[in-house]
Asker: 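What follows is a structure written as structure tokens; I'll ask about it next.
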Amino acid sequence: MESVVFIFSLIDCCALIFLSVYFIITLSDLECDYINARSCCSKLNKWVVPEVIGHAVVTVLMLISLHWFIFLLNLPIATWNIYRFIMVPSGNMGVFDPTEIHNRGQLKSHMKEAMIKLGFHLLCFFMYLYSSTSAAFNKPVG
Amino acid sequence: MSAPAGLPPRPAGAVAAYPGGPGGSREAAAPQGAAPRCQNGPVQSQMQFPSGYGSHPPNYSAPSGHYSQVPSKAVSSHLDNQYRASYQSPYYSAPAQNVMTPPVGTNVLNTRESQQFYNSSTPPHTVGLTEGPAQGAIPSGSYVYTSAQQSYSAFGDHYNTSVSSSVASQGFPLNSDHYAMPVVSSAMYPNVSYPPAATSSMYGQAFTSQSLPAAGQFKETNTFSSQSTSVPHSLQQHVPVGYNSTLSTISSAQSFQDNLSKSLTGSVAKVNNQVNRGGIDSSQPVHSVSQNVQLTKPGFGAPASSALISSVRTPAPGLSSQPRSSPSITQSPDSALQEALDSSSTTSSASPVLNNYDALEGGGYPETRSVTNSPVPTPPAPQTSKTSKPFGYGYPALQPAYQNTAPPTPVQATNPSHHPGFQHYPQQYPGVNQLSSSLGGLSLQHSQQPEGLRPVNLTQDRNILPVSSVPAPVPNLNSDLRKLNCSPDSFRCTLTNIPQTQALLNKAKLPLGLLLHPFRDLTQLPVITSSTIVRCRSCRTYINPFVSFIDQRRWKCNLCYRVNDVPEEFMYNPLTRSYGEPHKRPEVQNSTVEFIASSDYMLRPPQPAVYLFVLDVSHNAVDAGYLTIVCNSLLENLDKLPGDSRTRIGFITFDSTVQFYNLQEGLSQPQMLIVSDIDDIFLPTPDGLLVNLHESKELIKDLLNALPNMFTNTRETHSALGSALQAAFKLMSPTGGRISVFQTQLPSLGAGLLHSREDPNQRSSTKVVQHLGPATDFYKKLALDCSGQQTAVDLFLLSSQYSDLASLACMSKYSAGCIYYYPSFHHSHNPAQAEKLQKDLKRYLTRKIGFEAVMRIRCTKGLSIHTFHGNFFVRSTDLLSLANVNPDAGFAVQMSIEESLTDTSLACFQTALLYTSSKGERRIRVHTLCLPVVNSLADVYAGADVQAVVCLLANMAVDRSVSSSLPDARDALVNAVVDSLSAYMSTASNLQQSMLIAPNSLKLFPLYVLALLKQKAFRTGTSTRLDDRVYAMCQIKSQPLVHLMKMIHPNLYRIDKLIDESTIHVNDRVVPQPPLQKLSAEKLTREGAFLMDCGSNFYIWIGKNCDNNFIKDVLGYPNYASIPQRMTQLPEIDALSSERTRSFISWLRDNRPLSPVLQVIKDENPAKTDFFQHLIEDRTEAAFSYYEFLLHIQQQICK
């Protein structure tokens, strides 16, 4: 059971890593002027909800499976994701708004955020990897 | 045309005379004296020429008759003896400088025409022409040139010395003879024109730098630059004209224009005889501005044809009608020119069309009219001036050097469009302080402590307002660069001294940013047609006056420092037909230029002008009665809509359904097609909805006549705005263009419907103001879709109740449209608004427009732009997408310093606006601004531009109130003052900390911020409707600086004694110039009448005990009691005070795009509160008085 949870988390984490990389690539494309703000934002906004859900699922899973440490580790980021999603002003077109993204250094802060998430997910990835293997090894013993 | 070398070295004689000391009259201008004989006609002048020029026989194959222009003013009756004396002098050239300072007391006298002389410098065309464009011409020319130069430089030295000795007037001897003996010429001066008393050392400035031929070395002019610093711009404008250094190679066309313009100004000047009165007031500024304005007149297209590079609207129509005095002369030059054109055709072609186009397109200002019309009795002399036109043709190349000087003229002169003359006013005289403060930047070089840094004790110094409008600080550059720099009206930076590092910027606590007005109506603009537009290969910067030429073949980009090659074509200057002088090309001589772009700059063929009107016809709209006004305005202006033969137009109306109008040519009458399926809107017919304006004009007129009555009995109260907009978008998307939406209520059906969000009880809340942001993203998405299809949406909101402007405004904000709001509009209940709509529409329909535009702002490496303000969509990091651009749109950007600027002393900024004109031409308008980089905090403060700072802060505060909250934004504004003043006080250690001290450059900062806090957009505690507040915010974001400042800090004038005020002459009108009053009730006396100019409103407040004569003469009522409550117009009464008042008001009106509403207010009038709430220095129940605010700031600083 334990290993199933972690293997699922592992897969989910992989997806989130890819997503973060995708965010970073797209944002840097925008920075370099390869794509315009409108298409960049519509691409990214599509993936905001899956990201929130993906992360929330892992977090909840950890809570259910009583892995407190990992749950607490995930909690701040998951909360931030949800907060960010909820707090989008009514007139904006999503978390990434094409009319705002070039203002007030938003592009940079989005980029920074994506980087931090990438690092975090990588960390989690190895943690899950370790946990799942150790769970798999421990199982026969236990 | 002649190669530059061919020019005889003769400085033209523009001299600036500044007779007034601070108190003296400053009329100055450099009138040129012409020899009387010259006036008679070119022919005669030719005769004379030989003698004058005899010294340089080789150069002149043909005598050039420039002088013809000169005389224009000389003639006028007011010449006094002094003036004449100068004429008499054998060297007629000398007279160029006569400034006539009238002896005190006499009215009249100043003819200011600075420019005539340049003609004298005319090179023989023949030389250049015969030689052919290329190098062949050069050798001979250059050779001559050098010799000339030597003598010249000698002269220059001499000249300098005289300057330093503070001789106010400097004349350049025009004649070669003179020039050999400079002493003589200078000696002549005093006799001629100036009352000795008038000379002031301050003005001693010189045009010297200009007059010196820059000849071979690009930089040479610098030598003299130091002297020129102190000249107020207006003077400079005139002056430069006169002197051209003979050497300049520039374009014949331009010089031609100059000639024209000069002659124009000359005639104008005559018109404007100024009345001088003793004392400060008497010194009228030289209104170079107004004169320039006149230039705007799109006059005759003729010059264009001869010009390779033509500036836009030079000629005044009046000129064209003038008799040409000397056909013989003109013709020969023409033919010569023709040759020149042919031979040079390879590089660039002159397109007459351009000029015409611009002329047509530019929104001319009314002033121009008067110029042309003004019946000036023209004595013989004036006529000669007219001859200048033929002249121009003939000798376009004549005034080479002029170009150097010329650029500043247009630039600085540009103000006129908004502010004729007035802006410079303060600089001109008002007393030492003012003067020095206005010249603060300049004085940096010379004095220990720059004027901008002079400490001002705010709590004690109560009169900090200048006498007239606040001038823009002048960057502390050498005179050369300053002359070339972009006009502050188009391009302004909050800090005219750029801090070297971000750390220094942070210490100064002032925002760094630019305020742009790139598409402003310009009076003069060099238009360049060239097959290659020279740009930096790495950063794509357009070549500009601030690049450096490493050698003949290479130039170094001033933004990224890359060294680029000069293309072969650029080596050749088609205007002077000279080769090897790339730095004399107009691109390098003007900081504001317009290029005709090639097909490389097009993604598709240039679009036609397409206009779509989307009109609300619900019950509410019909009741308000706006349809009649709109249809009538359209009918009147149908022919004036900018466009060409492809112009298309269409109409959509909507209530709960959407109605389309088929106007297909051939129909007997317009056909209405109703689509009631508003949830899935579609176009009922593929064509016929947008029709060619010219082909279907009759049908369009029928429709416009019928529309106002078609819906009179409607009972439909709903409004399906969203669906109508979607339909409009579908209709427009194949071409792009402009959608004008007229809406009178909250959209209540279909897509984009909105709900009322305003709680009237919260209107005067001091806490949170909600709903400043949009309620839905529908309008934003629509705007972005439109923007993607090059369509802009302009919104006219005419509503009596809440209409959620915050949401609706998005359709214009992101599609680069504009927003007009008429609260409580009703055609009969609120005639003032109806009148305003009518006037605004007139401007709106006829003003210039640019389609499918993009704007890019580049800055020197190390600086980066991080935030943009204005109506547009930021498509990529530095690219603003503007579906439409209009002359009334302003933009602002905030910058940060990413890398320190230690390795450079100059920072440059360039905006390039690429647009399709309404004539289907792709054009690029480029503005370049150059500012010095400094490394001390004191210098940063010295160069602060308080108006720009306040405008940028206002933009930032709008963002803050939408994204955070209003109180937050207010706190940020107060903190901006507190932080910057405390930072300043901590740098100046010798200041007493107990006082509130500001540097002179920022002395108005607290006042303006207080004004902002009391502005509709940011005020709390006073009842403010949400829509009013949001509209004020939209205005702040999209207005250019000049208009925004009036909104923030209105101007108050006392108008019951206008007859006694000093005046200026704009065209043939006498415009009084009352001083600015503090915005405080203490200034309002019961005996007076006051005019408040708030940008969009004029209030005339009449005191209870106001002089009955004033009430009778100006208002047309016998006494105070009989003045009606609602009065929105001043009657035309034949009395001096009435005439003055009206001319003053119309002068104020002419300067702005939105016609202000006039309201006459009596003491017990309910509208009184509107008036009094603008008295921002007074205390209200919800806000500080100015003094309290200062104390508050002081407290905060001490904390």
Side-chain angles (χ1 to χ4, degrees), chain A residues 21-52 79-116, chain B residues 540 752 754-755 757 770-789 804 806-811 813-816 854 856 864-881 892-896 898 955-956 959-960 962-964 1037:
Chain A
V21 171
Y22 175 71
F23 273 45
I24 292 171
I25 291 174
T26 316
L27 287 171
S28 65
D29 274 359
L30 178 63
E31 218 167 19
C32 305
D33 220 348
Y34 292 136
I35 53 175
N36 75 42
R38 187 90 200 270
S39 57
C40 168
C41 291
S42 65
K43 272 187 193 173
L44 296 185
N45 282 331
K46 243 187 297 185
W47 292 103
V48 168
V49 176
E51 190 200 8
V52 172
T79 330
W80 165 250
N81 275 342
I82 293 169
Y83 171 82
R84 189 177 65 151
F85 182 69
I86 292 173
M87 293 309 286
V88 171
S90 56
N92 278 16
M93 298 167 64
V95 172
F96 298 90
D97 188 290
T99 59
E100 304 276 332
I101 197 160
H102 285 294
N103 270 5
R104 296 187 295 274
Q106 279 200 11
L107 184 53
K108 273 188 191 143
S109 63
H110 283 311
M111 192 71 140
K112 211 183 289 167
E113 191 185 311
M115 289 288 200
I116 291 171
Chain B
R540 308 300 292 149
L754 298 168
H755 302 284
R757 296 190 291 167
Q770 286 173 317
H771 308 308
L772 292 172
T776 160
D777 64 0
F778 173 83
Y779 295 98
K780 187 186 261 186
K781 275 185 178 149
L782 184 98
L784 294 182
D785 288 337
C786 286
S787 176
Q789 299 300 327
D804 202 352
S807 302
L808 293 180
C810 285
M811 71 170 96
K813 260 186 204 167
Y814 302 107
S815 65
V854 290
R856 204 183 279 273
S864 76
I865 296 171
H866 62 81
T867 303
F868 301 87
H869 303 278
N871 290 353
F872 47 66
F873 171 51
V874 189
R875 205 154 69 192
S876 68
T877 36
D878 59 350
L879 185 70
L880 309 182
S881 153
V893 298
Q894 286 170 255
M895 290 183 298
S896 56
E898 303 225 308
N955 275 300
M956 292 159 67
D959 274 3
R960 178 72 77 92
V962 175
S963 64
S964 176
K1037 289 280 249 178

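Only a predicted model underlies this, so the values are computations on that prediction, with no experimental measurement involved. The chains referred to below are lettered A, B, ... by the order of the sequence lines, with proteins before strands, and numbering in each begins at 1.
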Asker: Of all of A/Cys40, A/Pro98, A/Cys32, which one pairs up most often with chain B through heavy atoms under 4.5 Å apart?
Answerer: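 Ranked by heavy-atom pairs under 4.5 Å with chain B, first place is A/Pro98.
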
Asker: Side chain, backbone, both or neither: which part of B/Phe868 has an atom under 4.5 Å from a heavy atom of chain A?
Answerer: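 Answer is both: backbone and side chain atoms of B/Phe868 are under 4.5 Å from chain A.
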
Asker: Every donor-acceptor pair from chain A to chain B under 3.5 Å, please, each on its own line.
Answerer:
unit_1   : atom_1 : unit_2   : atom_2 : d
A/Asp33  : OD1    : B/Ser876 : OG     : 2.8
A/Asp33  : OD2    : B/Ser876 : OG     : 3.0
A/Ala37  : N      : B/Arg875 : O      : 3.3
A/Arg38  : NH1    : B/Asp785 : OD1    : 2.9
A/Arg38  : NH2    : B/Asp785 : OD1    : 3.2
A/Ser90  : OG     : B/Pro774 : O      : 2.7
A/Gly91  : N      : B/Pro774 : O      : 3.4
A/Asn92  : OD1    : B/Lys780 : NZ     : 3.1
A/Asp97  : OD1    : B/Lys780 : NZ     : 3.3
A/Asp97  : OD2    : B/Lys780 : NZ     : 2.9
A/Thr99  : OG1    : B/Lys780 : NZ     : 3.2
A/Asn103 : OD1    : B/Phe868 : N      : 3.0
A/Asn103 : ND2    : B/Phe868 : O      : 3.2
A/Arg104 : N      : B/His866 : O      : 3.1
A/Arg104 : N      : B/Thr867 : OG1    : 2.9
A/Arg104 : NH1    : B/Asp959 : OD2    : 3.0
A/Lys108 : NZ     : B/Glu898 : OE2    : 3.3

Asker: Can you tell me which of B/Ala775, B/Ala783, B/Ala806, B/Cys810 forms the most heavy-atom pairs within a distance under 4.5 Å of chain A?
Answerer: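 Top count of heavy-atom pairs under 4.5 Å with chain A: B/Ala775.
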
